[in-house]
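Here is the structure we will look at.
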Amino acid sequence: MTSTPSSHAVIGAGIAGLACARALAEAGHDVTVFDKARGPGGRMSSRRLEEGAIELGAQSFRAAHPAFRRQVDAWVKAGVAAPWPDALWRLAAGRATRRADGRPRYTGTPRMSAVTRHLARGLTLRAATRIVSLARDGDGDGDGWRLADERGNTHGPFATVSLALPAPQAEGLIAPHAPGLASECRQLPQRACWAAWARLEAPLALPGAEAGWPLLQFDEGPLKRVVRHRTKPGREDAPELITLLADLDWSERRLEDAPDAVAEDLLAALNAALETLRPAAGLPAVQARGAHRWRYAEPGAVAPGDDHRLTDTGLALCGDGWRGGRIEDAWLSGHHLGEALCHRLSDPGDFPT
Ligand SMILES: Cc1cc2nc3c(=O)[nH]c(=O)nc-3n(C[C@H](O)[C@H](O)[C@H](O)COP(=O)(O)OP(=O)(O)OC[C@H]3O[C@@H](n4cnc5c(N)ncnc54)[C@H](O)[C@@H]3O)c2cc1C
């Protein structure tokens, strides 16, 4: 005799998994979130260096959808997000130009990870737990899902398992149980991106720009974006820490290179770009540097139709690849999955055991 479990698992504590888990928890369901990293955040995490906090992944977000706008307003009220930046600078054809489109952008405060930590508050989070396989009790007609982690521990049973992971990472976990969804995951590759960082001895000047310029975008070359973290709200007293995000094609060509070589080349590219604006206007001395490789940075394709998937056996998928490549998309995908699960769970016959 088996009984139907009443707990739910979410694998992945990025913004999508947390949005899904929150929707479940706020409707009174028991939910456990698993993440292989030491804390929540995923691509929205922040890194604490000796010198201060930096983001090597997402830097800012916009809010167009009314539901996400309401969520962002709540984060601003809670003090974990604030508007930033006022304007972007763009370097093209040897000129830097200022662009202000009037559409507000936000960032986490005092760091991006404040947003995901806020979302994770009150949830049961099993960090540093990489899930390596899923099993259904009773050979497919049992009473729930069990998760195995890389240390050989088993978790569950759970009535539903939501995989809030980049599709290439979800594919292997889901393939034995939902081959159709696994094949959908294969259509959703993720592009790689190198992110270098540096601590500079002096403020980074952009010829022609105000002293507090926050962000510089590039139209060509190995660099895509340079970000100055001390221009983010609440970090004015920090030293000059910058992140250099690389172009995706360049990143993929350099995927297996050593982080130090990548950091050196991206800093050299920034130096050369600054010198095209004004000779001798290069980089201040670099005091420390490093680089991080995101193997799964940005969807190379987005799924058609709904922004999540949910099977009758309680397996589900969400995350940025199911809707679009931004934080707003990932949150909406996870939130909508959470709502869909709550709706199904309101009719207990809906997940056959
Ligand atoms: C360099 C970079 C810059 C970006 N810039 C921006 C930006 O400025 N604005 C914007 O809107 N978006 C930006 N994005 C995109 C944005 O960060 C993502 O769209 C969004 O954060 C994705 O959230 P997610 O929850 O879908 O996935 P993720 O954040 O990737 O979360 C997935 C989680 O699953 C965990 N995980 C994976 N496998 C397992 C496993 N087997 N077991 C347990 N846990 C597992 C991971 O540790 C991770 O925490 C950027 C992304 C990158 C990489």
Side-chain angles (χ1 to χ4, degrees), residues 9-21 32-47 54-64 68 72 84-85 88 105-108 112-113 115-116 119-120 125-134 147-151 155 161-174 188 190-197 214-215 217 224-225 227 232 243-248 251 291-299 302 307-308 317-335 337:
V10 174
I11 310 177
I15 190 89
L18 293 171
C20 175
T32 304
V33 185
F34 297 87
D35 203 292
K36 64 184 169 70
R38 276 176 301 173
R43 282 169 273 172
M44 280 178 76
S45 52
S46 305
R47 185 180 288 192
I54 55 168
E55 282 77 34
L56 295 173
Q59 307 291 327
S60 65
F61 48 89
R62 286 207 283 234
F68 190 56
V72 173
W84 176 88
L88 313 178
R105 289 180 174 77
Y106 300 86
T107 194
M112 189 60 107
S113 58
V115 170
T116 45
L119 272 179
L125 172 65
R126 302 260 175 271
T129 306
R130 181 195 293 268
I131 301 303
V132 293
S133 65
L134 317 180
L147 315 185
D149 70 31
E150 65 184 339
R151 287 189 293 272
H155 308 267
V161 181
S162 300
L163 289 85
L165 314 170
Q169 291 179 303
E171 185 203 333
L173 290 173
I174 210 160
L188 304 178
Q190 289 260 341
R191 310 278 321 262
C193 179
W194 272 107
W197 63 270
L215 203 152
Q217 293 182 321
K224 189 167 73 175
R225 209 176 302 160
V227 177
K232 292 179 176 174
T243 288
L244 304 93
L245 297 176
D247 171 74
L248 301 185
S251 296
H292 174 80
R293 180 183 60 188
W294 296 98
R295 201 174 271 283
Y296 304 116
E298 189 175 300
V302 172
D307 64 10
H308 59 273
L317 291 162
C318 67
D320 62 352
W322 299 95
R323 187 181 173 101
R326 317 309 293 165
I327 287 171
E328 173 167 9
D329 297 307
W331 184 88
L332 284 165
S333 168
H335 180 70
L337 172 58

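Every number for a ligand or one of its atoms is a count from 1 in the order of the listing. This chain uses plain numbering: 1 for the first residue, then up along the sequence.
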> After noting the C-alpha distance and the side-chain angles of L88 and R225, does the key distance pass the side-chain contact (heavy atoms from CB on, under 4.5 Å) rule?
Replying inline: CA-CA 10 Å; L88 313 178; R225 209 176 302 160; over 6 Å; no
> Can any side-chain N or O of Q190 pair as donor or acceptor with the backbone N or O of P168 at less than 3.5 Å?
Replying inline: no
> Which residue owns the protein heavy atom closest to atom 47 (O) of ligand 1, what's the atom, and how far is it?
Replying inline: D35 OD1, 2.7 Å
> Is there at least one pair of N or O atoms, one from R326 and one from ligand 1, spaced under 3.5 Å apart?
Replying inline: yes
> Pick one: which of L317, V33, I11, L337 meets side chain to side chain contact (heavy atoms under 4.5 Å, CB included) with S162?
Replying inline: L337
>> I need the nearest protein heavy-atom contact for atom 51 (C) of ligand 1: residue, atom name and distance, please.
In response: A297 O, 3.7 Å
>> Applying a heavy-atom cut-off of 4.0 Å, say which part of L245 lies close to ligand 1: side chain, backbone, both or neither.
In response: side chain
> Which pair of non-hydrogen atoms, one from Y296 and one from Q169, has the smallest distance, and what is that distance?
Replying inline: CE1-CG, 3.5 Å
> So, does Q169 sit close enough to ligand 1 that a heavy atom of it is under 4.0 Å from the ligand?
Replying inline: yes
> Can you list the ligand 1 atoms lying under 4.0 Å from a non-hydrogen atom of L56?
Replying inline: 1 (C)
>> Please verify the inter-ring angle class for F68 with W331; under 30° counts as parallel, over 60° as perpendicular, anything in between as tilted.
In response: tilted
> What residue and heavy atom of the protein are closest to atom 26 (O) of ligand 1, and at what distance?
Replying inline: D320 N, 3.1 Å
>> Evaluate L173 for polar contact with ligand 1, using N/O atom pairs at a separation under 3.5 Å.
In response: no
>> Starting from atom 31 (O) of ligand 1, what is the nearest protein heavy atom, named by residue and atom, and what distance separates them?
In response: G14 CA, 3.5 Å
>> At less than 4.0 angstrom from any non-hydrogen atom of G319, what atoms of ligand 1 do you find?
In response: 26 (O)
> With a 4.0 Å heavy-atom cut-off (strictly under), which part of A164 contacts ligand 1: side chain, backbone, both or neither?
Replying inline: backbone
>> Students should be able to answer this: which protein heavy-atom is nearest to atom 44 (N) of ligand 1, and at what distance?
In response: K36 N, 3.0 Å
> In terms of residue, atom name and distance, what is the protein heavy atom nearest to atom 36 (N) of ligand 1?
Replying inline: L165 CD2, 3.4 Å
>> Closer than 4.0 Å to some heavy atom of G42 - which atoms of ligand 1 meet that?
In response: 29 (O), 48 (C), 49 (O)
>> Check whether S113 reaches the backbone of S45 with its side chain - one donor and one acceptor, N or O, closer than 3.5 Å.
In response: no
> Which atoms of ligand 1 sit under 4.0 Å from any heavy atom of T129?
Replying inline: 42 (N), 43 (C)
>> I'd like to know if the side chain of E55 reaches the main chain of M112, judged simply by a donor and an acceptor atom lying under 3.5 Å from each other, with no hydrogens or angles considered.
In response: yes
>> Looking at every heavy atom in both L125 and P40, which two are closest together, and how far apart are they?
In response: CD2-CD, 3.8 Å
>> Show me which atoms of ligand 1 lie under 4.0 Å from any heavy atom of I327.
In response: 10 (C), 11 (O), 12 (N), 16 (C)
>> Checking contacts here: is it the side chain or the backbone of I11 that comes within 4.0 Å of ligand 1, counting heavy atoms only? Could be both or neither.
In response: side chain
> Which protein heavy atom lies closest to atom 4 (C) of ligand 1, and at what distance to 0.1 Å?
Replying inline: A58 CA, 3.4 Å
>> Please compare S333, S60, A330 and report which has the shortest non-hydrogen distance to atom 9 (N) of ligand 1.
In response: S60
>> For atom 41 (N) of ligand 1, what is the closest protein heavy atom, and at what distance to 0.1 Å?
In response: I131 O, 3.0 Å
> When you look at Q59 and T107, which way does the side-chain contact (heavy atoms from CB on, under 4.5 Å) test go after all the steps?
Replying inline: CA-CA 6 Å; Q59 307 291 327; T107 194; 5.8 Å; no
> What are the two closest heavy atoms between A192 and L248, and how far apart are they?
Replying inline: O-CD2, 3.3 Å
> Side chain or backbone of R43 under 4.0 Å from ligand 1, or both, or neither, by non-hydrogen atoms?
Replying inline: both
> Under the salt bridge (Lys or Arg N to Asp or Glu O under 4.0 Å) criterion, do D149 and R126 qualify, and how do the steps go?
Replying inline: CA-CA 11 Å; D149 70 31; R126 302 260 175 271; over 6 Å; no
> Heavy-atom distance under 4.5 Å between the side chains of M44 and L119, does that happen here?
Replying inline: no
> Would you find a donor on one side and an acceptor on the other, under 3.5 Å apart, between the side chain of S251 and the backbone of W194?
Replying inline: yes
> Heavy atom under 4.0 Å from ligand 1: found in R225's side chain, backbone, both, or neither?
Replying inline: side chain
